[in-house]
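Comments concern the structure below.
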Amino acid sequence: MIFAPKILNWYREHQRELPWRETREPYKVWLSEIILQQTRVAQGMPYYYSFVEAFPTVFDLANAPEEQVLKLWQGLGYYSRARNLHAAAKMVVNDFNGEFPKTYKALKSLKGVGDYTASAIASFCFDEPEPVVDGNVYRVLSRYFGVDIPINSTQGIKYFKELAREVMDERNIRDYNQGIMEFGAIQCAPKKPYCLLCPLQDSCVALKENKVDSLPVKQNKTKVRNRYFNYLVLLDQNENTILEQRRGKGIWQNLYQFPLIESEKKLQAEALKPLIKEKEDVPELESLSLYNNEPIVHKLSHQHLHTQFWILKTSHILEQGTQWNEIGNFPVPVLIADFIKTLKI
DNA sequence: AATTCGGGGAA
DNA sequence: TTCCCAGAATT
């Protein structure tokens with residue numbers, strides 16, 4: 001038997017029951033696909049449920065304030081997905097009369113919908129014979145066919161998309177596409193795949209040539225940048241504090257945080273004081289104390305954030321401040337949320 | 001073509 | 001620790 005039927009047979013035996021597999025509504029499928037980009041099913045699942053509940057239709061999502069969308073997204077990471085999700089919902093409402101586009105090409109015009117996601121929605125909802133190529137598919141194809149072209153090279157991206165197209169089952173594209181991804185996630189796993197029980201063992205090149213552990217090939221190691229964050233946690237007599245929204249480029253766009261002073265290295269209090277004076281909207285201080293003696297190292301894919309939280313008490317009233325017991329309403333990075341949880345005032 | 005976007009879970 | 005997850009957009 002050839003490749004695709006084996007995938008289909010395996011899928012019909014082993015597929016998980018997932019909420020977005022029980023529908024062909026493009027809105028829900030799209031929602032699930034954005035949430036699941038670079039995200040494990042187990043991590044994305046609760047977010048899927050909360051989004052469907054908060055925004056049952058694309059109109060509800062389009063009409064929501066961005067802050068509500070970001071708040072619901074909090075903790076999931078890659079926040080441009082949330083901003084693009086919101087923008088795409090507005091596009092569907094305004095440019096497509098509230099109805100999702102039905103083709104790969106039109107779907108790809110939506111913000112945050114790239115090659116994979118457009119293929120997924122088009123095939124899952126509308127049976128368009130377009131192959132999905134995600135991390136799972138790269139792994140399955142590279143192993144089964146013994147392809148050692150780097151999956152993240154320009155050549156590799158093109159090669160695997162063509163290969164995926166050649167071996168797909170056009171007439172069962174919905175199940176086939178979900179099947180090959182599910183197969184990669186469960187059977188042909190990144191580490192220690194259970195090849196002894198694999199239905200493709202007879203014809204898998206990687207297994208035959210003992211290359212399972214070395215495929216797929218990936219180039220470009222990520223280099224990590226170290227940054228030093230000093231957060232100024234202001235507190236006045238009325239338990240008001242100051243939160244600012246992150247603007248411009250970089251991490252955590254449009255999320256909130258305490259006023260930040262970034263430095264080249266770890267700072268002591270004496271070195272920080274003159275920098276605080278240069279900050280606007282910081283009143284005269286009654287006391288300055290370091291909350292965490294050792295910097296908290298918050299690790300992102302490309303950055304390690306060495307963070308110190310400084311407690312700044314003032315006898316002045318923070319006119320533009322936020323009540324401490326209301327800061328939970330703001331979308332904040334996990335780094336900030338974790339700190340808020342542990343601080344007692 | 002390379003980099004930059006988060007956070008968490010598994011080995 | 002390291003790897004990588006139902007990738008996309010920007011540089």
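Chain identifiers are assigned alphabetically (A, B, ...) following the order of the sequence lines, protein sequences preceding nucleic acid strands; residue numbering begins at 1 within each chain. In this text the structure is predicted, and so the values were computed from the model without any measurement.
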For the side chain of Val334(A), counting heavy atoms from C-beta on, which of dG7(B), dC4(C), dA6(C) is nearest? dG7(B)
Nearest whole angstrom, please: distance from the P of dA6(C) to the CH2 of Trp30(A). 20 Å
Do any of residues 39-51 of chain A sit with a heavy atom less than 4.0 Å from DNA chain B, and if so which? Thr39(A), Arg40(A), Gln43(A)
Taking the ring of Tyr104(A) and the ring of Phe126(A), is the distance between their centroids below 6.0 Å? no
Please determine if Arg165(A) and Glu130(A) form a salt bridge, counting it only when a charged side-chain N lies under 4.0 Å from a carboxylate O. yes
Could you tell me whether the side chain of Asp169(A) and the main chain of Arg171(A) form a donor-acceptor pair under 3.5 Å? yes
Contact residues, residues 118-133 of chain A to DNA chain B [heavy atom, < 4.0 Å]: none
When you measure from the side chain of Lys191(A), which nucleotide among dG6(B), dA11(B), dG7(C) comes out closest? dA11(B)
Do the side chain of Arg83(A) and the base of dA9(C) come within less than 3.5 angstrom through a donor-acceptor pair of N or O atoms? no
Of the listed dG6(B), dA6(C), dA2(B), the closest approach to the Ala185(A) side chain comes from dA6(C)
Whether Lys313(A) and Asp236(A) form a salt bridge (side-chain N of Lys/Arg under 4.0 Å from carboxylate O of Asp/Glu) is what I want to check. no
By nearest atom, which of the nucleotides dA1(B), dA6(C), dG6(B) is closest to the Asn136(A) side chain? dA6(C)
Considering only dG7(C), dG6(B), dC4(C), which nucleotide approaches the side chain of Asp134(A) most closely? dG7(C)
Ring centres of Phe3(A) and Tyr144(A) under 6.0 Å apart? yes
For this output row, return yes or no: ring centroids of Trp310(A) and Tyr231(A) closer than 6.0 angstrom. no
